[in-house]
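Letters go in sequence order (proteins before strands), and every chain restarts at 1.
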Number of protein chains: 2
Amino acid sequence: MSFLSHLSSIISVSESLETELNSITKQISVSKNQSIINFGNRCNDIFFVEKGLLRGYYLEEGKEITNWFAQEGEFGTSFYSFVAMKPSFETIQSLEDCILTQLPYSSLQNLYVKFPETERLGRIITETYYIKLEERLLSIQFKTAKERYLNFVLSKPSLLQRTSLGQIASYLGITQETLSRIRAEI
Amino acid sequence: MSFLSHLSSIISVSESLETELNSITKQISVSKNQSIINFGNRCNDIFFVEKGLLRGYYLEEGKEITNWFAQEGEFGTSFYSFVAMKPSFETIQSLEDCILTQLPYSSLQNLYVKFPETERLGRIITETYYIKLEERLLSIQFKTAKERYLNFVLSKPSLLQRTSLGQIASYLGITQETLSRIRAEI
DNA sequence: TTCCTTTTTTGATAATTGTCAAAAAAATAC
DNA sequence: GTATTTTTTTGACAATTATCAAAAAAGGAA
C-alpha cells in the first residue's frame, strides 16, 4: 500500500493536502545493505516503506540488536531521535533494495500547523505503534523463547525468508544459537 | 501537577478549552485497593493521577503481572482497551487513596473534533509514552534482572516505598524470590 | 565450477533465573 | 497486645538460556 493510500485509510485526504504531501515527501531508492541513518546522528526523517525492507538496530557490546523491522506499508524511523530530535541510538539499514517515501521532521511539523487534521494522523499512527510495542513487551516478558519465535513465524512469516537468523534472534531477545536450537526441535 | 497545568505545559490552553475540559472531566476519589477497571470490561476512561498511585496488571496463569504504575502527574489507562475500545486485558487498581481526573473516551473524541488543537495533545502524550515504553522494552530485553532493578530504584525511587516487592518484581519481569535475592546481595 | 565469506548448526559447559516449599518478618485486624 | 494475614526471605533444586568454540551448510564472487 502506498504512502498516500495508507494515510487515506486513516483520515480523508483532501486534494490540497495530497498536493502538499506530494510536495514535502520524496521518493528515494536505496540499494540493499545501506545504512540510511547511523547511530550518533539525528534521524531527521520518517520513512514509509513502499517496497523493500528496513530494520533498525542497536549496537550492544559490539553486537547488533534488531529493534524493529519495517516492511511494505509500514513506517520506519528512529522513533526517539525523530520525535525528540536527539542523536539516534540506532542505525537504520536497508535489508533489500527499497523504495521509500521520505518525510523530513521539519516538513512534518509544518504540516501539522498548516493542515491540523494531520495531527490526528500522527496521533492515530503513534497509538497503533504503541499498541504493537506493548504486545511485544509482554511477549518478551512472559513468553518463552520458543513461544516468541512461533509467534513471530505466525505474525511475520515473510520476514523468515527476508532476514537472517541472527537478526530475528536479537529482535526476539535471544541468541542466535538458542534460536537455531529452537528451530531444530520444532 | 494538576491535569490542567500538565496539559498547559504541552499546548497553550485557551479559556474556552479550559471550560470545556472542566465540563467533560470529573474529579473522583478512590480509596486504596479498589479495582477501577476489571479485565474483560472495556476501559472507557483515561485517568490522570492528581494524588495517589494506580497500577495496571494482567493475570497470567493466576499471577498478577504489573504492567504499569501511574503516579501523581501521570496518566493511567488500559491503553489498548481505551484506544481500540475493546475489552481490557488488564485490571486497574488503586494502590493508595487517590484523587483522579477522569476523562471518558467519548468526551475525548468529541474534544478532538471541537478543539482540534487537542489532537496535538493526544499525539504528543502518546509519543512520550511510546518512548518510555521503548526504553522499558530494551531494558527488559538486554539488561540483567539486577540492572533493571537498580534502574528502577534510580528512576522511580518513591515507588519502592509505595508498592510491594511482588508488584515491582513482575513489573521488572522477574519473580519475587529473585528480586528478594538481588536486594539481599546489594 | 571453485574458492571465499557469511550464516547456521552443534557440542560442551556455565550463568541466570525460575519453581516449590517453608521459615521469618512485617503489616493489619480484633 | 495478641492473633491472623500478608509479605518477604531463604533453601534446595530444576529449567532455560547464554557463552565459547568449532564444524557444517549456504550464499556470492571470480
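- In this structure, B:R148 atom CZ and C:dT16 atom P are separated by 13 Å, rounded to whole Å.
- When the nucleotides C:dT19, C:dG18, C:dG11 are ranked by their closest atom to the side chain of A:R181, C:dG11 comes out on top.
- Here the side chain of B:T178 is nearest to one of D:dT17, C:dT9, C:dT17, namely C:dT17.
- Side-chain contact annotation: A:S78 with A:S88, donor-acceptor N/O pair under 3.5 Å present.
- Listed nucleotides: D:dT9, C:dT17, C:dT9. Nearest to the side chain of B:L165: D:dT9.
- Where A:K32 and A:K143 each meet DNA chain D at their nearest nucleotide, the meeting point lying more 5' is that of A:K143.
- Rounded to a whole Å, the CD1 atom of B:I182 is 14 Å from the C1' atom of D:dT9.
- Within the structure, a side-chain polar atom (N or O) of A:S180 is placed less than 4.0 Å from OP1 or OP2 of C:dT9.
- Rounded to whole Å, the distance from CD on A:Q176 to P on C:dT7 is 8 Å.
- Atom pair A:I174:CD1 and C:dT17:P shows a separation of 16 Å (rounding to whole Å applied).
- Remark: of the listed residues B:I11, B:I125, B:I10, B:I11 is the sole one forming a side-chain contact (heavy atoms from CB on, under 4.5 Å) with B:R120.
- When only modelled atom types and interatomic distance are considered, A:W68 and A:E74 share no side-chain donor-acceptor pair under 3.5 Å.
- Taking only side-chain nitrogens and oxygens, B:T175 comes nearer than 4.0 Å to OP1 or OP2 of C:dG18.
- Atoms CD1 (A:I140) and C1' (C:dT17) sit 16 Å apart, rounded to a whole Å.
- Taking atom CD of residue B:E64 and atom C1' of nucleotide D:dT6, one finds them 13 Å apart after rounding to whole Å.
- Note on A:S164: every side-chain N or O is 4.0 Å or more away from OP1 and OP2 of C:dT7.
- Here the C1' atom of nucleotide D:dC13 and the CD atom of B:E177 are 13 Å apart, to the nearest Å.
- Taking 4.0 Å as the cut-off between side-chain N and carboxylate O, B:E96 and B:K32 do not count as a salt-bridged pair.
- In terms of phosphate contacts, A:T144 brings no side-chain nitrogen or oxygen within less than 4.0 Å of OP1 or OP2 of D:dT16.
- Between the CD atom of B:Q141 and the P atom of D:dT17 there is a distance of 14 Å, given to the nearest Å.
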Under the side-chain hydrogen bond (donor to acceptor under 3.5 Å, both in side chains) rule, what do A:T66 and A:Q167 come out as? Steps first, then yes or no, please. CA-CA 6 Å; A:T66 301; A:Q167 290 166 354; 5.8 Å; no
